[in-house]
Amino acid sequence: MNLVFLGPPGAGKGTIATAMKEELSIPHISTGDLFRSAIKNETELGKKVKEILASGNLVPDEVTIEMVRERLAENDTENGYILDGFPRTIFQADALQSMADIDAVVNFDLETESVVKRLSGRRVCKSTGRTYHILYNPPKVEGIDDETGEQLIQRDDDKEDAILNRLEVYKKQTEPLIAYYSEKGLLKTVDASSAPEKVLELVLAVLKK
Ligand code: ADP
Ligand code: ADP
């Protein structure tokens with residue numbers, strides 16, 4: 001199954017995709033993770049996008065689309081994939097139409113107040129990308145990754161100014177995709193406000209319909 005996860009930053013897309021990739025045995029392709037990995041490895045792409053990610057603005061469409069095109073051409077996508085964080089603009093969605101047959105778009109619905117709480121409490125392990133929340137999903141030892149023992153960090157774009165910018169960017173550039181996919185009959189909206197186990201259940205249920 002070729003899936004797209006849509007929704008505001010912090011709605012829980014990555015958390016559910018991580019749980020679901022095991023359930024469905026398909027890869028979780030997060031454009032944010034791909035960019036962060038390029039930044040960490042100091043590749044040409046990484047150098048180009050570093051400041052953009054820190055500010056919370058979007059990477060130019062052409063650059064993002066090319067990266068996704070290459071990723072979707074890898075062997076592990078044969079039985080499907082979860083695209084998380086792509087597309088984020090109508091232009092990207094049109095490009096995706098020409099590269100892939102999408103079976104469903106899961107729209108993670110969460111009000112802004114909860115989005116801000118989830119983003120501001122998010123902590124990540126830089127080397128593995130594992131995600132925690134200081135209140136909703138704390139590590140066993142405060143500030144330390146459960147498995148690697150590394151210090152957890154707060155992403156630059158999870159700090160207050162960048163959060164506000166990202167929410168504006170989402171409203172202007174990404175939210176129109178809800179109507180776009182609804183018109184195509186692909187949109188499945190899920191209430192993302194419950195605990196992760198419940199949200200996972202809801203997502204699996206709408207996909208079965
Ligand atoms: P979140 O899930 O918290 O919104 P992501 O990890 O998906 O964050 O994205 C982090 C950043 O990576 C975005 O703010 C943006 O700068 C860049 N990015 C990720 N996906 C895209 C995309 N599809 N188009 C443009 N920029 C993107
Ligand atoms: P996204 O990929 O949509 O940006 P994440 O999956 O990274 O969102 O989740 C954002 C933050 O909210 C993380 O700190 C995560 O631990 C937490 N979180 C995710 N899903 C839930 C949930 N259902 N309830 C409470 N907190 C959640």
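Scope of the values below: all heavy atoms of this structure, side chains included, with no hydrogens, waters or symmetry mates. As the structure is a computational prediction, the values presented were derived from the model and not from experiment. Both counts, for ligands and for their atoms, begin at 1 and track the order of listing.
- Near G32, meaning under 4.0 Å from any of its heavy atoms, are these atoms of ligand 1: 5 (P), 6 (O), 9 (O), 19 (C).
- At least one N/O-N/O distance between G10 and ligand 2 falls below 3.5 Å.
- Residue V199 places no N or O, backbone or side chain, under 3.5 Å from any N or O of ligand 2.
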* Does the salt bridge (Lys or Arg N to Asp or Glu O under 4.0 Å) test come out yes or no for K198 and E201, once each step is laid out? -> CA-CA 5 Å; K198 178 70 191 166; E201 229 175 77; 3.6 Å; yes
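- In this structure, I82 CD1 and M20 CE are separated by 4.5 Å, a value rounded to the nearest 0.5 Å.
- Heavy atoms of R122 found under 4.0 angstrom from ligand 1 belong exclusively to the side chain.
- Within the 4.0 Å heavy-atom criterion, the part of A195 lying near ligand 2 is the backbone and not the side chain.
- Each of N41, L34, D33 was scored for a side-chain contact (heavy atoms from CB on, under 4.5 Å) with S37, with one residue passing: N41.
- The residue from R118, H133, K117 that puts a heavy atom closest to atom 16 (O) of ligand 2 is H133.
- Listed by atom number, the atoms of ligand 1 under 4.0 Å from T64 heavy atoms are 22 (C), 23 (N), 24 (N), 25 (C).
- Residue A192 places no N or O, backbone or side chain, under 3.5 Å from any N or O of ligand 2.
- In the vicinity of G14, heavy-atom distances shorter than 4.0 Å reach the ligand 2 atoms 1 (P), 2 (O), 6 (O).
- Contacts with ligand 1 closer than 4.0 Å are made by backbone heavy atoms (N, CA, C, O) of N57 only, the side chain lying farther away.
- In terms of protein heavy-atom proximity, atom 20 (N) of ligand 1 is nearest to T31 OG1, 2.8 Å.
- With hydrogens and angles left out, the side-chain atoms of E150 and S127 include a donor and acceptor closer than 3.5 Å.
- Within the model, atoms CD of E74 and OH of Y81 stand 13.0 Å from one another, a figure rounded to the nearest 0.5 Å.
- Taking every heavy atom of Y136 and a limit of under 4.0 angstrom, the matching atoms of ligand 2 come to 25 (C), 26 (N).
- The shortest N/O to N/O separation between R123 and ligand 2 does not fall below 3.5 Å.
- The N/O atoms of D84, backbone and side chain alike, include none that comes under 3.5 Å of an N/O atom in ligand 1.
- Inclusion of A11 in the set of residues having an N or O under 3.5 Å from an N or O of ligand 2 is warranted.
- For ligand 1, none of its N or O atoms has an N or O atom of L58 under 3.5 Å away.
- Between L96, L53, V115, it is L53 that holds the heavy atom closest to atom 11 (C) of ligand 1.
- The distance from the CG atom of D156 to the CG atom of D161 is 11.5 Å, given to the nearest 0.5 Å.
- L177 CG to L6 CG: the interatomic distance, rounded to the nearest 0.5 Å, is 5.5 Å.
- Atom CG of D146 and atom CG of N137 lie 8.5 Å apart (nearest 0.5 Å).
- The single protein non-hydrogen atom nearest to atom 2 (O) of ligand 1 is K13 NZ, 4.0 Å, given as residue, atom name and distance.
- Of the residues listed (D76, T77, T31), the one engaging R71 in a side chain to side chain donor-acceptor pair (under 3.5 Å) is D76, and it is the only one.
- Within the 4.0 Å heavy-atom criterion, the part of S194 lying near ligand 2 is the backbone and not the side chain.
- Under 4.0 angstrom from ligand 2, the non-hydrogen atoms of Y132 all belong to its backbone.
- Although no hydrogens or angles enter the test, the distance criterion places no donor-acceptor pair under 3.5 Å between the side chain of Q173 and the main chain of V169.
- Note that the CG atom of D157 and the CZ atom of R166 stand 4.0 Å from one another [nearest 0.5 Å].
- When the options R88, Q92, R166 are ranked by their closest heavy atom to atom 5 (P) of ligand 1, first place goes to R88.
- Those atoms of ligand 1 that come under 4.0 Å of a heavy atom in R36, given as number and element, are 6 (O), 10 (C).
- Contacts of R155 with ligand 1, taken as heavy-atom pairs under 4.0 Å, involve the side chain alone.
- In this structure, of F86, F35, F91, the residue bringing a heavy atom nearest to atom 17 (C) of ligand 1 is F35.
- Checked by distance only, ligand 2 and G121 stay at 3.5 Å or farther apart across all their nitrogen or oxygen atoms.
- Judged as a salt bridge (Lys or Arg N to Asp or Glu O under 4.0 Å), and not counting sequence neighbours, the contacts of K117 are E113.
- The two atoms that bring I26 and M1 nearest to each other are CD1-O, 3.7 Å, heavy atoms only.
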